[in-house]
Amino acid sequence: MAIRGSLIKSLIDLRGTIVSEPDAVKAQREVLKNLLEKAKDTAFGKFYKFNEILKAENIESAFAKDVPYFDYNKLNERWWSQIQEGAEDITWPGKPHYFALSSGTTGKSSKKIPVTKEMIESIRNAGIKQVGALSNFDLEPEFFEKEIMMLGSSTDLHHEGDHEEGEISGISASNIPYWFRSYYKPGEEIAQIEDWDERVARIAENAKNWDIGALSGIPSWMELMLKKVIEYHNVKHIHEVWPNLQVYASGGVAFEPYEKSFNALLGKPVTVIDTYLASEGFLAIQDRPDTHSMKLILDNGIYFEFVPFEPEYINQDGSLTEDAPVVPLSDVEEEKDYVLLISTVSGTWRYIIGDTIKFTNKEKHEIRITGRTKFFLNVVGSQLSVNKMNDAVQELEEKFDIKIPEFTIAAKRFEDGEFYHSWYLGTDTETSEDELAEALDESLKNANKNYDVARSKALKGVKVTKVPAAIFPEWSGANKKKGGQVKMEKVMNEEKFAEFEAFVKKELKTNKY
């Protein structure tokens with residue numbers, strides 16, 4: 001009998017009956033008030049007169065009126081760069097001990113997001129909430145005795161002056177509670193390995209020494225790791241190595257595009273739980289089965305605002321126009337795309353995180369990530385968002401019974417002087433590129449009236465190139481030197497797309513594929 005597992009499950013179930021959900025609007029107002037109080041004497045707080053905002057009858061409206069939107073470049077150039085030079089009390093009291101490196105989707109250098117001790121605590125609290133939510137899933141007591149494979153970036157953080165730098169998954173893993181370390185795999189030694197290939201090779205070598213019950217990590221890199229373990233042990237699927245694997249906690253990107261290829265690596269179904277951990281904070285968790293939607297964490301040091309995702313409010317670089325309207329939590333609408341803004345205990349203020357979301361259940365405050373502000377293809381008026389692209393690719397998978405875990409697209413002018421949407425699809429199907437292009441085109445015409453109009457005017461057509469799916473993580477890895485996890489760019493500008501095409505041609509000349 002799983003005595004320890006039964007005890008842990010009982011405690012989790014008990015916590016679920018004791019801890020009640022906060023009133024959303026009141027919780028968010030309290031979060032904003034606490035943020036403003038804490039930061040009122042910082043350089044940022046003084047500049048934007050947080051003291052005055054706190055005296056307002058409606059601090060949410062006053063905050064939205066007096067503090068502008070910030071993307072990373074704007075906030076970094078004016079404020080965060082001072083912190084990196086050693087200044088204190090800039091956007092948050094004191095100085096952060098960590099900076100989270102994020103590749104982002106623009107620029108060639110990594111973004112550096114401050115991570116304060118309060119943010120570390122916020123991430124821990126969100127993790128506890130996620131564990132508590134397991135009481136809503138049908139998991140046997142034995143599950144709570146199994147180990148958890150957390151596939152993140154290296155925990156060997158880099159010292160830069162008076163702070164440390166690394167990706168948020170590495171920072172989080174380096175701060176796991178002592179009581180969790182016996183469950184955590186691949187363990188501290190392997191997790192510190194900087195080189196991705198070497199780290200995965202060590203995981204594969206040691207895989208049969210661990211009794212893994214859960215996986216955690218972004219889908220594309222998790223698939224690579226599972227394939228390596230399967231190949232190393234010469235088995236058909238991962239359950240031959242980890243027979244007790246029951247749960248996969250996905251995060252960072254929508255899981256659906258990877259679902260078919262991920263399931264092909266399993267011997268039996270697992271429970272997939274979505275999470276929303278970004279470099280800027282742990283924003284949402286899936287707290288119930290039968291949905292891929294995630295509940296916003298509203299009482300944990302992060303204040304949320306929402307801007308309607310409309311073309312007139314989005315600049316070409318993915319930032320917001322100054323006159324873009326903000327919608328409070330109480331007034332959001334279901335099934336409508338919004339640009340997500342956050343203000344946090346790490347000193348981000350009205351920060352454009354870069355993601356677009358939609359509410360699938362307003363009453364439960366459940367959301368789904370629908371794309372990126374930068375991943376919005378509107379070069380010739382097609383107004384094509386990444387969620388529409390994902391839907392179209394999933395239709396291809398169903399229509400032709402194929403797997404397409406990765407893709408990228410650009411609006412490109414070809415030799416005839418006309419614009420085409422040029423797609424690279426990661427798939428090994430024998431279906432012709434012309435058939436795939438025609439099916440994609442028809443799917444998008446049916447789903448998006450703006451695309452249909454564009455196809456009758458400036459957008460000449462669709463071109464598809466098939467490539468092995470493994471090329472996409474290779475591209476991401478080459479850009480980050482395999483040091484950690486990055487999100488594949490679903491939409492590229494012409495310059496970046498040319499670099500990708502050159503990389504693909506070079507890769508296809510090797511004998512890897």
Side-chain angles (χ1 to χ4, degrees), residues 27-102 104 110-126 160-166 168 171 175 278-283 297-305 307 319-320 322 326 328 340-354:
Q28 280 285 275
R29 183 176 298 124
E30 192 64 25
V31 167
L32 178 58
K33 182 179 178 181
N34 289 339
L35 291 173
L36 295 172
E37 285 280 2
K38 185 77 173 180
K40 65 184 179 182
D41 294 323
T42 63
F44 190 95
K46 290 176 181 177
F47 187 86
Y48 288 105
K49 300 178 181 178
F50 282 7
N51 265 326
E52 296 301 315
I53 294 175
L54 284 163
K55 294 175 185 176
E57 183 176 344
N58 186 321
I59 64 170
E60 296 98 329
S61 295
F63 179 63
K65 176 177 176 292
D66 295 342
V67 181
Y69 301 132
F70 284 91
D71 60 14
Y72 173 78
N73 290 332
K74 186 177 177 181
L75 194 54
N76 185 62
E77 289 170 10
R78 175 67 176 84
W79 301 100
W80 285 347
S81 59
Q82 299 179 56
I83 307 174
Q84 295 171 35
E85 293 169 359
E88 297 186 12
D89 302 328
I90 302 301
T91 60
W92 194 253
K95 290 190 292 186
H97 182 68
Y98 301 101
F99 277 85
L101 303 179
S102 172
S110 291
K111 298 177 181 180
K112 295 185 178 183
I113 313 293
V115 181
T116 62
K117 63 180 185 298
E118 291 91 345
M119 179 53 72
I120 293 293
E121 185 65 24
S122 173
I123 292 172
R124 282 180 180 169
N125 290 338
E160 294 288 339
D162 58 359
H163 66 267
E164 295 181 90
E165 297 180 354
I168 192 63
I171 293 172
N175 282 277
S279 298
E280 295 83 359
F282 203 152
L283 309 182
I297 306 174
L298 301 172
D299 59 350
N300 195 32
I302 299 176
Y303 177 69
F304 299 97
E305 296 173 277
V307 173
S319 63
L320 294 175
E322 291 183 3
V326 68
L340 184 62
L341 306 180
I342 60 172
S343 300
T344 78
V345 290
S346 270
T348 63
W349 298 103
R350 308 204 76 209
Y351 182 82
I352 306 165
I353 195 170

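- Under the side-chain contact (heavy atoms from CB on, under 4.5 Å) criterion, Thr344 pairs with Met119, Ile302, Ile342, Ser346, Thr348, sequence neighbours left out.
- Expressed to the nearest 0.5 Å, how far CD1 of Ile352 lies from CG of Leu320 amounts to 4.0 Å.
- Residues meeting the side-chain hydrogen bond (donor to acceptor under 3.5 Å, both in side chains) test with Glu165, sequence neighbours left out: Lys112, His163.
- Identified under the salt bridge (charged side-chain N to carboxylate O under 4.0 Å, His left out) test for residues 73-100, with sequence neighbours left out: Lys95-Asp162.
- Qualifying side-chain contact (heavy atoms from CB on, under 4.5 Å) partners for Pro114, counting only residues two or more places apart in sequence or in other chains: Trp80, Pro96, Phe99.
- Leu341 is not listed as a side-chain neighbour of Tyr351, based on a closest heavy-atom distance of 4.5 Å or more.
- Contact annotation: the side chain of Ile353 approaches that of Leu283 to within less than 4.5 Å [non-hydrogen atoms, C-beta and beyond].
- Leu32 is listed as a side-chain neighbour of Ile59, based on a closest heavy-atom distance under 4.5 Å.
- Side-chain contact between Glu118 and Trp92 is present, with at least one heavy-atom pair separated by less than 4.5 Å.
- Residue Ile53 comes nearest to Ala62 through the heavy atom pair CG2-CB, 4.0 Å, listed as atom of the first residue, atom of the second, then distance.
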- [ ] Show your working on side-chain contact (heavy atoms from CB on, under 4.5 Å) between Val345 and Asn300 and close with a plain yes or no.
- [x] CA-CA 9 Å; Val345 290; Asn300 195 32; over 6 Å; no

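- Each of Arg29, Lys65, Gln28, Lys33 was evaluated against Glu60; a single residue qualifies, Arg29, per the side-chain hydrogen bond (donor to acceptor under 3.5 Å, both in side chains) test.
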Task: Candidate pair Leu298 and Val31, rule side-chain contact (heavy atoms from CB on, under 4.5 Å), full reasoning - done: CA-CA 8 Å; Leu298 301 172; Val31 167; over 6 Å; no

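- Residues satisfying the side-chain hydrogen bond (donor to acceptor under 3.5 Å, both in side chains) criterion with Ser343, sequence neighbours excluded, are absent altogether.
- The structure places CD1 of Ile171 at 7.5 Å from OH of Tyr98, a figure rounded to the nearest 0.5 Å.
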Open item on the list: If you apply the rule side-chain contact (heavy atoms from CB on, under 4.5 Å), what do you find for Trp349 with Trp79, and how did you get there?
Closed with: CA-CA 11 Å; Trp349 298 103; Trp79 301 100; over 6 Å; no

TODO: Run the numbers on Asn175 and Arg124 for side-chain contact (heavy atoms from CB on, under 4.5 Å), then give the verdict.
DONE: CA-CA 9 Å; Asn175 282 277; Arg124 282 180 180 169; 4.0 Å; yes

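- His97 contributes atom NE2, which lies 12.0 Å from atom OG1 of Thr116 (distance to the nearest 0.5 angstrom).
- Applying the side-chain hydrogen bond (donor to acceptor under 3.5 Å, both in side chains) criterion to Arg350, with sequence neighbours excluded, gives Glu305.
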N/O donor-acceptor pairs under 3.5 Å from side chains in residues 41-52, not counting sequence neighbours:
from, atom 1, to, atom 2, distance (Å)
Thr42, OG1, Ala39, O, 2.7
Thr42, OG1, Gly45, N, 3.0
Thr42, OG1, Ile90, O, 3.4

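- Distance check, rounded to the nearest 0.5 Å: CG of Leu36 to CZ of Phe63 gives 6.0 Å.
- Applying the side-chain hydrogen bond (donor to acceptor under 3.5 Å, both in side chains) criterion to Gln84, with sequence neighbours excluded, gives Asn76.
- The shortest distance between side-chain heavy atoms of Ile113 and Leu101 does not fall below 4.5 Å.
- Scanning for salt bridge (Lys or Arg N to Asp or Glu O under 4.0 Å) contacts around Glu30 gives an empty result, with sequence neighbours left out.
- Heavy-atom minimum distance, Ile297 versus Ala126: CD1-CB, 3.5 Å.
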